[in-house]
Amino acid sequence: MRHLLDARDLTRADAVQVLDTAAEMAATQSREIKKLPTLRGRTVVNLFFEDSTRTRISFETAAKRLSADVINFSAKGSSVSKGESLKDTALTLQAMGADGIVIRHHASGAPHLLAHAGWVDAAVVNAGDGTHQHPTQALLDAFTIRRHLADRGVAGSGEGFDARRGVGKDLAGLKVAIVGDVLHSRVARSNVQLLTTLGAEVTLVAPPTLVPVGVGTWPCTVSYDLDATLAERPDAVMMLRVQRERMSAAGGGYFPSPLEYSRLYGLDQRRLATLAEHAVIMHPGPMNRGLEISAQAADAARSVVVEQVSNGVAVRMAVLYLTLAGSGTAAPVPTSKELA
Amino acid sequence: MTAQNRPVLLTAARILGGEPQDVLLADGVIAKVAPAGSLEVPEGALVIDATDKVLLPGLVDLHTHLREPGREDAETVLTGTRAAALGGFTAVHAMANTTPVADTAGVVEQVWRLGNDAGWVDVFPVGAVSVGLAGEQLAELGAMASSAARVRVFSDDGKCVHDPVLMRRALEYVKAFDGVIAQHSQEPRLTDGSQMHEGVVSAEIGLRGWPAVAEEAIIARDVLLAEHVGSRLHVCHLSTAGSVEIVRWAKSRGLPVTAEVTPHHLVLTDELARGYDPVFKVNPPLRTAEDVEAVRAGLADGTIDIVATDHAPHPVEDKDCEWDAAAFGMTGLETALAVVQETMVETGRLTWEDVARVLSTNPARIGRVDDRHGRPVAEGEPANLTLVDPTVRRTVDPALQGTMSRNSPFAGRELPGQVVATFLRGRPTVLDGEALAPAGEPAPQGTIA
């Protein structure tokens with residue numbers, strides 16, 4: 001893997017390889033000494049044009065556990081207002097010898113530009129661009145779903161944490177509902193592509209104002225009715241953050257009030273009770289408790305929100321390993337022995 | 001005798017693609033047209049073998065951004081008009097969105113003089129509709145109309161005259177001097193922050209959408225306003241299938257509505273945004289393949305009257321960046337005729353006679369410069385002419401173009417046809433595909449210092 005820019009660039013085999021590598025990484029993380037020497041001497045730059053403490057910390061942790069040198073470059077305030085262009089920032093990082101650049105940017109396509117404009121030789125990992133893509137989030141979501149659900153029916157599954165559960169498998173036959181602000185969500189876009197590549201059936205649920213025009217060509221179903229979708233017994237329900245500033249958008253906002261949103265599209269206690277016994281509740285965070293998700297749902301035993309965060313580190317270790325170690329796409333999946 | 005004022009004999013030229021004829025230019029007019037091989041070479045004449053080449057009336061662009069005054073880092077009147085001559089144009093209408101805005105007699109006269117001094121083509125300044133393009137108060141349209149620049153086309157292009165009352169007043173007011181309002185049709189509230197056509201591609205790649213309805217709603221409103229007050233309306237750079245339908249309906253009612261399409265909307269689609277290269281960022285945005293087919297059909301059946309370039313040069317730094325941060329616009333003067341040949345002539349939808357209509361006769365008439373431009377290629381007419389070799393194919397290289405800017409969406413693309421020569425009142429401004437400086441010396445390519 002040269003770069004990771006877009007979930008669509010991953011074939012089923014690529015995606016399973018990343019998830020399997022992540023499983024090996026995760027297995028090392030229950031040890032007392034979590035650090036692996038894999039990327040010693042390599043420099044990873046976290047280039048963040050947008051605030052995201054969680055994602056930055058996750059990537060930073062992942063890189064450090066692989067023994068890479070990490071530089072955090074916060075370029076918030078946007079290239080334009082600062083007077084320095086993305087190009088000049090990129091050339092600076094190139095001159096400093098960055099091997100990998102993890103970029104978060106408010107403009108869709110900025111990671112693509114960074115990877116393809118010829119400004120840098122570094123591997124580029126998209127940590128979220130505009131309303132376009134957030135591929136490592138989709139990978140960690142897929143990893144979490146697989147760990148919980150791919151072995152469903154196998155005795156002993158669902159108890160304890162076995163990082164390698166589901167290794168080698170995809171998500172064939174699983175039903176995933178993604179609920180909320182699809183229009184502005186790079187998480188939804190990445191997940192629709194990745195989860196369907198892995199064989200899952202995805203249903204997007206949102207008020208019509210928060211679904212993009214043109215969604216008809218996406219490989220998923222679109223529903224405006226959360227209760228109807230939940231009645232189809234999805235295996236995973238992923239709630240998306242609804243930003244309160246969407247209320248003050250042009251034209252009076254995308255929905256009439258937070259209360260009405262919550263009533264129609266929130267995962268409240270009543271809806272929580274209708275979920276299948278094995279179904280998991282997911283959220284990319286940060287959550288708006290009481291808006292898209294009730295406290296009961298967020299804290300339920302079936303909620304895997306906190307596990308998503310720890311899986312995020314393993315998945316990002318896998319992505320950094322696959323883009324930075326070895327010589328391209330044929331890098332073998334390391335066993336935990338090799339990693340140690 | 002210099003190349004500037006000696007007689008010119010074009011031998012065996014195919015006027016509007018017709019039978020070969022000899023054409024003699026002298027004293028700024030077409031002195032003689034006769035069957036091929038029948039004209040003697042006059043003393044001292046420049047003889048150009050025009051065998052198999054097509055002779056057209058000089059092209060007239062109703063929509064050019066020359067950027068001067070204010071953005072001389074992107075283009076000047078000199079470089080922009082040189083690019084125009086290289087593209088086969090003998091007249092351009094210079095849009096008003098300069099800095100300062102061309103909203104007074106002083107600014108339009110300045111642009112007009114710069115055009116005269118440069119001498120590559122006739123420059124007809126477009127006046128702003130509203131003061132500072134702010135859409136609040138009418139600019140002094142009468143003063144611009146009666147200035148030396150003799151403005152007849154008024155436009156806030158780059159911005160839409162979105163206030164329906166202001167639009168109505170403007171349409172009414174310009175009747176006093178037979179002016180026309182050229183509208184940039186874009187409902188601003190529906191397009192706040194928009195980056196590209198709203199549809200399948202924008203949904204996928206996460207760029208804010210510019211819906212077709214934001215163009216169509218304004219065109220529909222303006223057509224009805226124009227009918228109500230009995231005024232001329234010109235629709236700039238129409239880009240959607242729905243817009244073509246609305247203009248077709250307006251024409252079926254006999255309304256004095258004209259419309260233009262750009263070369264890029266005749267061939268390029270929103271699929272090009274997938275690579276996030278801002279060279280394809282333009283306003284209105286590139287639309288879908290269905291829209292491209294609809295504007296071609298509209299141009300072929302006369303619903304769309306003209307092709308206009310919307311030549312919009314930008315310095316490198318305004319395009320070498322994130323899509324969201326990049327400027328809207330593409331250069332087009334030096335590729336317009338080639339794109340029309342490829343999309344309309346080679347597909348059998350337009351003849352060369354039609355090309356003369358949509359790139360010369362009609363724009364000259366809409367801009368009310370048809371006493372000098374867009375004339376028939378006939379004895380006694382002004383010798384504003386373009387000689388094209390349609391058999392040549394060339395690969396577009398922005399570095400070799402006459403424009404100062406490099407933002408051609410056709411870079412690296414092979415296009416048919418080559419402007420061999422352009423004549424402004426009988427004087428060659430382009431010869432053998434090279435720009436001839438007004439002093440008769442070849443102008444250097446690239447940036448003029």
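If you're wondering where the values come from, they're calculated on a predicted model, not measured in any experiment. So you know, we letter chains A, B, ... as the sequences are listed, proteins then strands, and number each from 1.
- Between A:Val213 and B:Ala203 the shortest heavy-atom distance is O-CB, 3.3 Å.
- Just one of A:His116, A:His132, A:His105 meets the ring-ring contact (aromatic ring centres under 6.0 Å, His included) condition when paired with B:Tyr276; it is A:His132.
- Interatomic distance, A:Leu86 CG to B:Asp320 CG, rounded to the nearest 0.5 Å: 9.5 Å.
- Of the atoms belonging to A:Arg186, not a single heavy atom falls under 4.5 Å from chain B.
- If you tally non-hydrogen atom pairs under 4.5 Å between each of A:Gly130, A:Ala107, A:Ala117 and chain B, the highest count goes to A:Ala107.
- In terms of heavy-atom proximity, B:Glu204 sits nearest to A:Gln193 at CG-NE2, 4.1 Å.
- In this structure, A:Thr131 and B:Leu207 approach most closely via the heavy-atom pair OG1-N, 4.4 Å.
- Shown here for A:Ser108 and B:Asp324, the closest heavy-atom pair between the two residues is N-OD2, 4.2 Å.
- Minimum heavy-atom separation, A:Ala110 to B:Glu322: CB-CG, 4.1 Å.
- Chosen from B:Ala273, B:Pro211, B:Gly275, the residue pairing most often with chain A at heavy-atom distances under 4.5 Å is B:Gly275.
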